[in-house]
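Note sheet for the following structure.
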Amino acid sequence: MTRQLSALQSQNELEWQISGSKSESNRLLILQAFYPQIKIANLSNSNDTQVLKKALQNSSNIADVGHAGTAMRFLAAYFASQATAEVFLTGSQRMQERPIKILVEALRNLGAKIEYAKQEGFPPLVIKPAALTKSKVSLPANISSQYISALLLIAPRQKNGLQIGLTQTVTSLPYIEMTLNLLQQLGAKINFQNNTISVDYLKEPIKNNFQVEPDWSSASYFYSLAALSKTANISLPGFLKNSLQGDMQVAEIYKQLGVKTSFTETGIRLKKQAANNYPKNLELDLSNTPDLAQTIAVSCLGLNISCNLKGLHTLKIKETDRLQALKTELEKFGAKVNITSDSLQLLPAEKLVENVQVETYQDHRMAMAFAPLAVKTSIYIQNPEVVKKSFPDFWKALAAAGIR
């Protein structure tokens with residue numbers, strides 16, 4: 001299936017209610033599995049969250065997470081901490097190509113019995129009943145913050161708590177801080193210093209009701225739409241100035257691309273400013289916000305701005321190799337792109353190639369990052385249904401903003 005996109009209008013007036021944060025929702029679902037009295041409002045409607053919720057409620061000993069990487073990591077730790085029954089944890093073909101060895105080794109060191117059903121270091125996993133008898137573990141923190149969050153989420157239910165030593169530079173720190181913040185709201189005693197995190201045992205939570213903030217990663221596509229439009233006035237209810245989500249950094253980043261963010265009593269309002277002071281070259285370190293990389297690169301392409309994005313080493317093990325995918329698709333529009341193992345440098349085209357077929361590589365963020373470019377040129381998005389992974393209503397939102 002292919003979806004053709006073109007702009008019906010150059011002015012984008014829109015108010016749209018974005019679903020709850022996928023990252024917050026997935027963490028709270030694991031905590032709810034441990035503490036059933038927890039109530040969650042505004043849960044994400046993303047496929048990833050629904051897959052995780054179904055797996056936690058499933059009475060079968062087989063859990064298939066499809067493409068949901070967060071669910072794979074969080075469930076591996078959750079099932080390993082439950083010494084009740086054997087579980088076969090699997091996913092899509094791409095999921096079976098995404099490494100999980102670091103997390104498995106950490107869980108084994110705590111006492112878990114986990115076997116690889118196929119290839120060493122990759123899903124599917126066979127998780128056997130075993131008590132996690134140890135309370136100290138260390139692992140490299142420069143690969144995926146989800147490994148660390150997976151361990152943190154099971155920590156309050158370990159009788160002796162859990163102490164996690166982090167080696168090497170921490171990647172995507174805001175996601176770890178989000179996990180710690182939710183644990184503290186729950187009532188867990190936390191200590192994070194000198195690259196060591198300690199979480200004490202928590203018998204009962206002190207907070208039972210949680211309201212999930214809308215998803216800032218999903219909001220980033222509206223920022224791109226506003227930046228690429230001649231004028232824009234977009235209202236997004238529910239967003240908070242003191243957000244737990246690291247991707248709220250998108251508001252500061254897009255200030256450089258002509259989008260002003262105003263926090264109101266009900267949420268945020270995005271307005272396009274006069275296009276007279278764009279940087280010639282946008283330089284960013286996205287170590288803490290790698291999910292914004294695709295969106296920013298496409299915005300720069302559409303605005304005819306060079307960019308140099310660093311801190312992208314985690315993109316190679318996402319739904320696809322996002323660095324290579326970005327290079328391939330951006331160059332279809334006439335841009336010159338250089339990538340390394342952790343960076344992307346874009347030199348935009350003088351004139352965008354029209355009617356480009358954008359391949360999405362089974363990656364929701366490829367589809368949504370490129371879609372706002374329809375404001376500048378007619379494009380085709382292949383396999384557009386991939387957006388269901390994180391933003392099922394994306395195409396409806398785009399249509400409401402004037403993109404056919």
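Residues: numbered from 1 along the sequence shown.
Within the structure, the salt bridge (charged side-chain N to carboxylate O under 4.0 Å, His left out) test picks out the following pairs touching residues 110-125 (sequence neighbours left out): E115-K128.
Between K327 and D321 there is no salt bridge, since no side-chain nitrogen of the basic residue lies less than 4.0 Å from a carboxylate oxygen of the acidic one. Classification of R322 and D363 as a salt-bridged pair holds, one side-chain N sitting under 4.0 Å from a carboxylate O. With respect to K22 and D215, no salt bridge is recorded, no charged nitrogen being found less than 4.0 Å from a carboxylate O. The pair E329-K332 meets the salt-bridge criterion, since a charged nitrogen lies less than 4.0 angstrom from a carboxylate oxygen.
Between the side chains of Q185 and N181, at least one donor N or O sits under 3.5 Å from an acceptor N or O. T179 and R27 share a side-chain donor-acceptor pair at under 3.5 Å. Checked by atom type, the side-chain pair Q211/N209 shows no donor-acceptor distance below 3.5 Å. The closest side-chain donor-acceptor pair between D64 and T90, if any, does not fall under 3.5 angstrom. Counted by atom type alone, E354 and T377 present zero donor-acceptor pairs between their side chains at under 3.5 Å. Side chain to side chain, H313 and S341 fail the donor-acceptor criterion of an N or O pair below 3.5 Å. A donor atom on one side chain and an acceptor atom on the other are not found under 3.5 Å apart for R269 and S262. Using modelled atom types and a 3.5 Å distance limit, the side chains of Q119 and E97 yield no donor-acceptor pair. At a cut-off of 3.5 Å, with distance as the only test, a side-chain donor of N45 or S19 sits close to an acceptor on the other residue. A donor-acceptor contact under 3.5 angstrom links the side chains of Q146 and T70, judged on distance only. Side-chain atoms of S299 and Y223 form no donor-acceptor pair, as typed in the model, at a separation below 3.5 Å. Side chains of T196 and N194: no donor on one and acceptor on the other come within 3.5 Å. With hydrogens and angles left out, the side-chain atoms of N26 and T49 include a donor and acceptor closer than 3.5 Å.
Taking the ring centroids of F34 and Y78, they lie under the 6.0 Å cut-off.
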Inset, instruction - Could you go through the side-chain contact (heavy atoms from CB on, under 4.5 Å) check for L43 and L29 one step at a time? - result: CA-CA 9 Å; L43 194 71; L29 282 174; 4.1 Å; yes

Inset, instruction - For N288 and Y175, run side-chain contact (heavy atoms from CB on, under 4.5 Å): C-alpha distance rounded to whole Å, both residues' side-chain angles, the deciding distance at 0.1 Å, then the answer. - result: CA-CA 8 Å; N288 287 332; Y175 287 96; over 6 Å; no

Legend entry - Steps toward side-chain contact (heavy atoms from CB on, under 4.5 Å) verdict (H364, F391): CA-CA 8 Å; H364 56 133; F391 195 166; over 6 Å; no

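Atom-to-atom distance recorded for M248:CE and S220:OG is 13.5 Å, nearest 0.5 angstrom. Here OG1 of T2 is found 11.5 Å from CD1 of I379. Values are rounded to the nearest 0.5 Å.
Remark: K207 is positioned above the aromatic ring of F210, its terminal NZ or CZ atom under 6.0 angstrom from the ring centre and at most 45 degrees off the axis.
In terms of modelled atom types and a separation under 3.5 Å, the side chain of W216 and the main chain of S21 share no donor-acceptor contact. Within the 3.5 Å criterion, the main-chain N or O of D247 finds no donor-acceptor partner in the side chain of Q245. The backbone N or O of C307 sits less than 3.5 Å from a side-chain atom of N281, completing a donor-acceptor pair.
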